[in-house]
Amino acid sequence: MNMLIRFFIMSSLLKQQLKQQSSSERLSVETLTAPIVRHYRILPHDMGFRDHLPNYRYLSFIELNVTRLLTSCCHQKGIKPLNWVIAMQEMVYLKEIKFLDKMMVNSQLVGWDKKYVYFEHRFFVKSQLMGVGMTKFVLKDKIGNKCTPDILDMAGEQLTDVINSWNKHQVAIKSAQSTNFTKV
């Protein structure tokens, strides 16, 4: 429930801020890849039964940051806000985030290809890295049609070694799944 409230507050503040900016401009790589940094306090509703921030709550914080970036980019381009669907996600949890910790989430667009956009997310408490996540998204318009990343001026491909390795891993998992399972 609180994450929903956070989302609506963030959305309304962002809309107010964006009304003051110009639209229909070309997005630079610097604008696209500028980190989105947000701070959160871990409250009782964020907690899991094991007395730390559960895995699924990390994903909620990622969604808030990605929504902020995409809403801002769409406004600058003068287009309707885009939806997105997660195609792949991976988290590495380094340390537990506890009740009342003040957490900073740093999300950054790190690449794109002809179909997907790729983000890296870093979670900090008191400058200590607590977790790192990677997400791969497909962009969609309001009626559900897939959009290529070039709608936000992400032309061509910009991929890192980490993204290439990650995609190869996904292909290997998919091929292993189809060959290792037999019908019952």
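Source: prediction; values computed, not measured. For the single chain, residues carry numbers from 1 onward in sequence order. Side chains are part of it too, since the values below use all heavy atoms of this structure and drop only hydrogens, waters and symmetry mates.
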Which residues end up grouped with Val110 if you chain together Ile, Leu, Val, Met, Phe, Trp and Tyr wherever their side-chain heavy atoms are less than 4.5 Å apart?
Met88, Tyr116, Tyr118, Met134, Val138, Leu159, Val162, Ile163, Trp166

Residues forming a side chain to side chain donor-acceptor pair (under 3.5 Å) with Thr33, sequence neighbours excluded:
none

Residues which pass salt bridge (charged side-chain N to carboxylate O under 4.0 Å, His left out) with Lys98, listed by chain and number, not counting sequence neighbours
Glu96

Sorted by chain and number, sequence neighbours left out, side chain to side chain donor-acceptor pair (under 3.5 Å) with Gln128 holds for none

Kindly work out whether a path of hydrophobic side-chain contacts (I/L/V/M/F/W/Y, heavy atoms less than 4.5 Å apart) joins Leu59 to Ile86.
yes

Between atom CD1 of Ile36 and atom OG of Ser107, what is the distance when rounded to the nearest 0.5 Å?
7.5 Å

Nearest 0.5 Å, what's the CG-CG distance between Leu100 and Leu43?
7.0 Å

Checking Gln158 now: which residues fulfil side chain to side chain donor-acceptor pair (under 3.5 Å) with it, not counting sequence neighbours?
none

Under 4.5 Å side-chain heavy-atom separation, chaining through any Ile, Leu, Val, Met, Phe, Trp or Tyr, what else clusters with Ile143? Say none if it is isolated.
none

Restricting to pairs with a member in residues 139-160, which pass ring-ring contact (aromatic ring centres under 6.0 Å, His included), not counting sequence neighbours?
none

Just do the side-chain contact (heavy atoms from CB on, under 4.5 Å) check on Glu90 and His169 with the steps written out, would you?
CA-CA 11 Å; Glu90 184 173 342; His169 181 109; 5.7 Å; no

Decide whether Trp112 and Ile79 are clustered together by the hydrophobic rule: side chain heavy atoms of Ile, Leu, Val, Met, Phe, Trp, Tyr closer than 4.5 Å, transitively.
yes

Name all pairs fulfilling the salt bridge (charged side-chain N to carboxylate O under 4.0 Å, His left out) condition that reach into residues 99-126, sequence neighbours left out, sorted by first residue then second.
Glu120-Arg122

Which salt bridge (charged side-chain N to carboxylate O under 4.0 Å, His left out) pairs, counting each pair once, include a residue from residues 153-167, with sequence neighbours left out?
Arg26-Asp153, Lys77-Asp153

Treat each ILVMFWY residue as a node, draw an edge where side-chain heavy atoms are under 4.5 Å apart, and state whether Leu129 and Ile97 are in one component.
no

Any chain of hydrophobic side-chain contacts (each under 4.5 Å) joining Met130 to Met47?
yes

Can you tell me how far the CG atom of Leu53 sits from the CE atom of Met103, to the nearest 0.5 Å?
6.0 Å

Pairwise side-chain contact, Glu63 with Val66, heavy-atom cut-off 4.5 Å (strictly under):
no

Would you say Lys146 has more than 12 foreign heavy atoms packed within less than 6.0 Å of its NZ?
no

Evaluate the side-chain contact (heavy atoms from CB on, under 4.5 Å) criterion for residues Met154 and Leu109: first the C-alpha distance (whole Å), next the side-chain angles of each, then the deciding distance (0.1 Å), finally the verdict.
CA-CA 11 Å; Met154 297 178 210; Leu109 177 69; 3.8 Å; yes

When you compare the side chain of Lys136 with that of Asn167, does any pair of heavy atoms fall below 4.5 Å?
yes

Which ILVMFWY residues can you reach from Tyr56 by hopping between side chains whose heavy atoms are under 4.5 Å apart?
none

Give a yes or no on whether Val92 and Phe123 share a hydrophobic cluster (residues Ile, Leu, Val, Met, Phe, Trp, Tyr; joining criterion: side-chain heavy atoms under 4.5 Å apart).
no

Does any pair with a residue in residues 77-107 pass ring-ring contact (aromatic ring centres under 6.0 Å, His included), and if so which ones, sequence neighbours excluded?
Tyr58-Tyr93, Trp84-Phe137

Are any of the side-chain heavy atoms of Leu70 and Leu139 separated by less than 4.5 Å?
yes

Taking the side chain as every heavy atom from C-beta outward, state whether Met91 and Asn55 have any pair of such atoms under 4.5 Å apart.
no

His121 NE2 to Ile62 CD1 distance, which is reported to the nearest 0.5 Å
4.5 Å

Mind checking side chain to side chain contact (heavy atoms under 4.5 Å, CB included) for Cys73 and listing every partner two or more places apart, or none if nothing turns up?
Leu27, Leu32, Leu69, Leu152

What's the separation between atom CG in Leu82 and atom CG in Asp141, rounded to the nearest 0.5 Å?
7.5 Å

